[in-house]
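For reference, the structure discussed in these notes is given below.
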Amino acid sequence: GENVEQHPSTLSVQEGDSAVIKCTYSDSASNYFPWYKQELGKGPQLIIDIRSNVGEKKDQRIAVTLNKTAKHFSLHITETQPEDSAVYFCAASRGGSARQLTFGSGTQLTVLP
Amino acid sequence: GAVVSQHPSWVICKSGTSVKIECRSLDFQATTMFWYRQFPKQSLMLMATSNEGSKATYEQGVEKDKFLINHASLTLSTLTVTSAHPEDSSFYICSARDLGRDGTKNIQYFGAGTRLSVL
């Protein structure tokens with residue numbers, strides 16, 4: 001089955017700096033890669049996703065890049081703000097009927113004011 | 001994004017009692033919903049996949065008689081923790097899959113989670 005590895009497990013950045021979180025996946029048939037943000041005591045919130053037919057997607061301060069050949073994808077947050085502090089999870093899934101998500105282990109991002 | 005409502009957000013119960021958690025997709029129909037369990041500072045662990053009108057598919061190691069799942073409509077799935085014990089205390093999160101109008105969207109939206117504490 002699919003295996004998703006996520007690094008780093010913790011990340012501290014100064015407010016205004018950029019943060020990058022990286023994930024690798026094992027199943028070459030995976031074609032959907034969402035990122036979720038989870039605040040303490042809450043459920044994960046979808047913040048951005050990318051499908052395998054594109055290499056990069058951007059939404060304001062958040063961007064995701066995908067390298068299918070190397071089987072890795074990354075989340076980039078620019079101009080970080082204290083409210084960006086949370087746990088971020090990457091995930092991967094195949095298309096078709098086998099569409100369940102496999103999650104990475106999570107990254108605790110702390111933005112220092 | 002789409003909204004998934006999960007209720008209750010927090011429940012405390014005595015050992016041996018049963019607890020029901022509801023998960024509703026508010027603005028889309030979800031033929032498939034998922035139930036996860038999350039331990040502190042860990043990732044989400046898939047417990048089971050709930051399919052509308054059919055039996056749930058449980059992950060290896062998850063007791064189906066312990067965690068009863070019912071997905072009777074396209075907008076509601078329930079998880080019942082039967083005869084709960086302290087080791088069942090955890091954060092349970094549901095998600096609903098939005099396939100969109102043509103079935104190709106395939107996005108999972110999550111509920112806010114339920115914190116279960118069994119005394």
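Every chain is numbered from 1, with letters handed out A, B, ... down the list of sequences.
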Membership question, hydrophobic clusters at under 4.5 Å side-chain separation (ILVMFWY): are [Y] and [X] in the same one?
X	Y	value
I21(A)	V13(A)	yes
L99(B)	F34(B)	no
L101(A)	F89(A)	yes
F67(B)	I93(B)	no
W35(B)	V62(B)	yes

Q: Check the surroundings of atom NZ in K68(A): do more than 12 heavy atoms from other residues, nucleotides or ligands lie under 6.0 Å from it?
A: yes
Q: Answer yes or no: does atom CD of E83(A) have more than 12 heavy-atom neighbours from other residues, nucleotides or ligands under 6.0 Å?
A: yes
Q | Side chains of L44(B) and Y36(A) in contact at under 4.5 Å (non-hydrogen atoms) | A | no
Q: Please examine the side chains of P34(A) and I107(B), heavy atoms only from C-beta on, and report whether any two atoms are closer than 4.5 Å.
A: no
(Q) Hydrogens and angles aside, do Q38(A) and Q38(B) bring a side-chain donor and acceptor to less than 3.5 Å of each other? (A) yes
Q: Counting only heavy atoms closer than 4.5 Å, note whether Q42(B) contacts chain A via side chain, backbone, both or neither.
A: backbone
Q | Heavy-atom proximity to chain A below 4.5 Å, by part of L46(B) | A | side chain
From [X] [atom1] over to [Y] [atom2], what is the distance, rounded to the nearest 0.5 angstrom?
X	Y	atom1	atom2	value
F110(B)	L46(A)	CZ	CG	9.0 Å
E59(B)	Q100(A)	CD	CD	5.0 Å
T10(A)	K41(B)	OG1	NZ	10.0 Å

Q) Does S43(B) use its side chain to pair, donor to acceptor, with the backbone of G104(A) at less than 3.5 Å? A) yes
